[in-house]
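Any value given below was found using the heavy atoms of this structure, including those in side chains, with hydrogens, waters and symmetry copies removed.
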Amino acid sequence: MAEAITPRSQDYSQWYTDVILRAEVADYAPVRGCMVLRPYGFALWENIQQGLDKRFKATGHQNAYFPLFIPQSFLQKEAEHIEGFAPELAVVTHGGGEKLEEPLIVRPTSEAIIGYHYSKWIKSYRDLPVLINQWCSVVRWEMRTRMFLRTTEFLWQEGHTAHATFEEAEAETRQMLDVYDDFAAKEAALPVLKGRKSDSERFPGAMTTYTIESMMGDKRALQSATSHNLGQNFAKAFEIQYLDRQNELQHCWTTSWGMSWRIQGAILMAHGDDQGLVLPPRLAPIQAVIVPIYKEEVDRTPVLEAARRLKKSFEGSIRIHLDDREEHTAGWKFNEWEMRGVPVRIEVGPKDVAKNQVVLGRRDMPGKEGKKFVSQDGLTAAVQALLDEIQTNLYNKALKFREDNTREPKNYDEFKEAVAESFARAWWCGNAECEAKIKEETKATNRCIPLDQETSKSGGMCIYCGKAAKEKAIFGRAY
RNA sequence: CGGAGAGUAGCGCAGCCUGGCUAGCGCGCUUGGUUUGGGACCAAGAGGUCGCCGGUUCAAAUCCGGCCUCUCCGACCA
């Protein structure tokens with residue numbers, strides 16, 4: 001009997017850690033807060049990268065690469081930026097056995113170094129817009145770490161763009177938020193709330209920060225990507241300027257936007273169950289696994305031949321794996337691949353070979369309920385259809401879960417109750433003090449001010465102070 | 001960084017209080033055989049700087065000090 005995964009109801013955190021380690025997604029590294037992404041986890045990351053990258057290209061962006069080290073002085077050019085990041089910087093003071101003249105920062109994000117280069121590259125309105133993305137890792141010295149959600153070093157992509165006008169920059173910021181939303185919904189099967197961050201939750205140096213927020217299996221919120229309109233703050237700090245048509249010098253308007261491997265944590269926590277991972281078909285490293293079953297030696301060859309033939313028929317259209325290991329029984333393999341989140345299992349036994357059929361099992365429906373007999377003719381199309389169905393089902397399940405766990409409290413007492421075990425959508429006056437008090441008294445933070453406000457005529461009263469409020473915000477406990 | 005817990009074979013743990021000579025157990029691993037429609041069984045094996053450094057002692061997994069890492073709760077945080 002293999003070691004069991006801690007049930008989610010017993011200890012959600014432990015479940016999360018168990019699943020990651022046992023499914024061989026990632027492992028701890030010897031350095032505090034650092035993590036090894038194992039092949040299975042990296043394959044998932046590669047699929048995430050592809051899903052995002054093709055969307056970035058489709059919206060006109062190009063990839064580039066900027067260096068890991070940033071001169072300390074660069075970071076200090078934007079006051080709010082340095083203040084925001086100072087406590088979590090890794091600083092290199094020595095190189096080649098010598099003390100460095102100027103310490104180097106290991107990038108916590110690349111606005112500074114990219115801003116420096118943009119100021120060199122951009123001279124004219126004809127050079128705009130500049131639309132660049134980079135895939136890299138960054139380092140932020142975290143006090144308290146957690147696999148994928150908050151690690152010292154993490155993989156991500158950061159887009160950095162420069163524009164001639166505020167309107168263009170704002171449109172870019174919102175466009176990329178939509179790209180993240182689309183990716184989350186279609187690829188990761190994650191329903192997200194699109195919204196604006198309050199001032200206290202804003203990116204250091206940004207004018208406006210937009211976010212997508214998702215709900216995890218324990219009803220806590222996870223910021224899953226952000227898109228920032230940086231205004232002219234960085235353009236002024238780094239002198240990113242261009243000559244407009246009237247031959248007048250103007251500062252650019254810049255944006256930045258990022259999604260990190262934290263999204264993998266979101267996928268694990270939003271879809272997983274007590275058996276382990278449940279991966280959305282579009283991102284799953286293995287979309288379907290074939291498990292051959294044979295009792296008598298005489299059945300072995302025909303079953304394996306059928307399994308190999310099926311595998312071949314899937315190649316090129318579905319990410320398929322044939323588990324023909326001799327050392328494990330079929331039942332053991334069922335459990336193993338369920339734990340690792342493979343969406344579809346294809347069982348082939350002697351009876352199936354005789355009847356030209358297979359048994360399809362779906363990961364999102366455990367047990368007999370999710371099993372059915374399917375003819376081997378046209379199996380590829382049947383599996384493809386099943387994968388699509390699972391993808392949709394996962395999204396709908398997650399959406400229903402979030403909606404079932406989002407409340408609209410009428411007063412602060414109801415709010416306190418709501419926020420202890422769900423999201424709460426409530427009027428908020430915009431005052432940072434109310435936010436801070438709410439956090440202090442309930443541990444819930446202002447996740448975002450949703451963009452899809454039903455612009456109801458008059459507004460309402462702030463859930464905390466009772467003063468006039470124009471917008472509703474989502475509050476919840478967050479990672 | 002504060003409070004609490006943990007670190008002994010790949011994994012999970014016992015042993016520590018009350019120091020003692022070859023450090024155990026379950027799972028996994030290796031070999032051979034029987035097995036395979038929801039985590040098979042038998043037999044024989046391999047595998048350990050007891051997290052690291054130092055101290056006490058004739059003798060340390062065990063007692064003392066320091067450090068590292070992980071987990072949980074706080075503070076802090078894109």
Q: Could you measure between the two P atoms, the one in B/rA59 and the one in B/rU8, and give it in whole Å?
A: 26 Å

Q: Taking only the side-chain nitrogens and oxygens of A/Arg144, find out if one of them lies under 4.0 Å from OP1 or OP2 of B/rC1.
A: no

Q: What is the distance, to the nearest angstrom, from the CH2 atom on A/Trp337 to the P atom on B/rG39?
A: 18 Å

Q: Under 4.0 Å, heavy atoms only, any strand: does A/Tyr28 hit a base, just the sugar-phosphate, or nothing?
A: sugar-phosphate

Q: Could you please name the option among B/rU71, B/rG37, B/rG39 that lies closest to any side-chain atom of A/Glu347?
A: B/rG37

Q: Describe the nucleic acid contact of A/Arg146 in one word from base, sugar-phosphate, nothing, applying a heavy-atom distance below 4.0 Å.
A: sugar-phosphate

Q: Is the phosphate of B/rC73 approached by A/Lys443 (side-chain N or O, under 4.0 Å from OP1 or OP2)?
A: no

Q: Using purine N1 to pyrimidine N3 plus N6-O4 or O6-N4 for Watson-Crick, or N1-O2 and O6-N3 for G-U wobble, each under 3.5 Å, what pairs with B/rG28?
A: none

Q: Identify the nucleotide, in any strand shown, that forms a Watson-Crick or G-U wobble pair with B/rC52, with both distances under 3.5 Å; if there is none, say none.
A: B/rG66

Q: Provide the Watson-Crick or G-U wobble partner of B/rC58, both distances under 3.5 Å; none if there is no partner.
A: B/rG20

Q: Ignoring hydrogens and angles, does a donor from either the side chain of A/Arg22 or the base of B/rC11 sit under 3.5 Å from an acceptor on the other?
A: no

Q: Roughly how far apart, to the nearest Å, are B/rU22 and B/rC27 at atom C1'?
A: 24 Å

Q: How far does the C1' atom of B/rA60 sit from the matching atom of B/rU18, given to the nearest Å?
A: 14 Å

Q: Work out how far the C1' atom of B/rG37 is from that of B/rG32, and round it to whole angstrom.
A: 27 Å

Q: For B/rC77, does OP1 or OP2 lie under 4.0 Å from any side-chain N or O of A/Tyr479?
A: no

Q: What nucleic acid atoms does A/Pro350 come within less than 4.0 Å of, heavy atoms only: base, sugar-phosphate, or nothing?
A: base

Q: Is A/Arg32 close enough to B/rC70 that one of its side-chain N or O atoms is under 4.0 Å from OP1 or OP2 there?
A: yes

Q: Judged by modelled atom types alone, do A/Ser9 and A/Trp15 share a side-chain donor-acceptor pair under 3.5 Å?
A: no

Q: Under 3.5 Å, is there a donor-acceptor pair between the side chain of A/His61 and the main chain of A/Phe56?
A: yes

Q: Is there a Watson-Crick or G-U wobble partner for B/rA40 with both distances under 3.5 Å, and which nucleotide is it?
A: B/rU34

Q: Could you state the CG-P distance from A/Asp18 to B/rC72, rounded to the nearest angstrom?
A: 11 Å

Q: Using a heavy-atom cut-off of under 4.0 Å over every strand shown, decide if A/Asp11 touches base, sugar-phosphate, or nothing.
A: nothing

Q: What is the nucleic acid contact for A/Ser13, judged by heavy atoms within less than 4.0 Å: base, sugar-phosphate only, or nothing?
A: sugar-phosphate

Q: For A/Phe373 and A/Phe154, find the nucleotide of RNA chain B closest to each by heavy atoms; which residue's nucleotide sits nearer the 5' end?
A: A/Phe373

Q: For A/Phe234 and A/Phe238, take the angle between the two ring planes, folded into 0 to 90°, and tell me which bin it lands in: parallel under 30, tilted 30 to 60, perpendicular over 60.
A: parallel

Q: Mind checking the C1' distance from B/rC42 to B/rG38? Whole angstroms is fine.
A: 23 Å

Q: Rounded to whole angstrom, note down the P distance from B/rG51 over to B/rG12.
A: 14 Å

Q: Hydrogens and angles aside, do A/Ser256 and A/Glu158 bring a side-chain donor and acceptor to less than 3.5 Å of each other?
A: no

Q: Could you point out which residue of A/Thr211, A/Thr226, A/Ile212, A/Val192 forms a side-chain contact (heavy atoms from CB on, under 4.5 Å) with A/Tyr180?
A: A/Ile212

Q: Under 4.0 Å between a side-chain N/O of A/Thr329 and OP1 or OP2 of B/rA40, yes or no?
A: yes

Q: Should B/rA4 form a Watson-Crick or G-U wobble pair with both distances under 3.5 Å, which nucleotide is its partner?
A: B/rU71

Q: Taking the C1' atom in each of B/rA75 and B/rA14, what is the distance between them to the nearest angstrom?
A: 37 Å

Q: Specify the separation, in whole Å, of atom NE2 of A/His328 and atom C1' of B/rA40.
A: 12 Å

Q: Could you tell me whether the side chain of A/Arg319 and the main chain of A/Ile286 form a donor-acceptor pair under 3.5 Å?
A: no

Q: Between A/Pro87 and A/Val359, which is nearer to the 5' end of RNA chain B once each is assigned its nearest nucleotide?
A: A/Val359

Q: Looking at the side chain of A/Met143, which of B/rG38, B/rU36, B/rC1 is the nearest nucleotide?
A: B/rC1

Q: Picking from B/rU69, B/rG37, B/rC72, which would you name as closest to the side chain of A/Ala330?
A: B/rG37

Q: Side chain of A/Lys351, heavy atoms from C-beta onward: which of B/rU71, B/rC77, B/rG37 has the nearest atom to it?
A: B/rG37

Q: Students often get this wrong, so: under 4.0 angstrom with heavy atoms, is A/Lys368 touching a base, only sugar-phosphate, or nothing?
A: nothing

Q: Are A/Tyr116 and A/Phe74 an aromatic pair, judged by ring center distance below 6.0 Å?
A: yes

Q: Between A/Glu297 (CD) and B/rU34 (C1'), how many Å, whole number?
A: 12 Å

Q: Counting the atoms with a prime plus P, OP1 and OP2 as sugar-phosphate, which does A/Lys333 contact under 4.0 Å by heavy atoms, base, sugar-phosphate, or nothing?
A: nothing

Q: Does A/Arg196 make a cation-pi contact with A/Tyr210, if we ask for NZ or CZ under 6.0 Å from the ring centre and within 45° of the axis?
A: no

Q: With a 4.0 Å cut-off on heavy atoms, is A/Gly205 in touch with a base, just the backbone sugar-phosphate, or nothing at all?
A: nothing

Q: B/rC1 and B/rG54: how far apart are their P atoms, nearest whole angstrom?
A: 24 Å

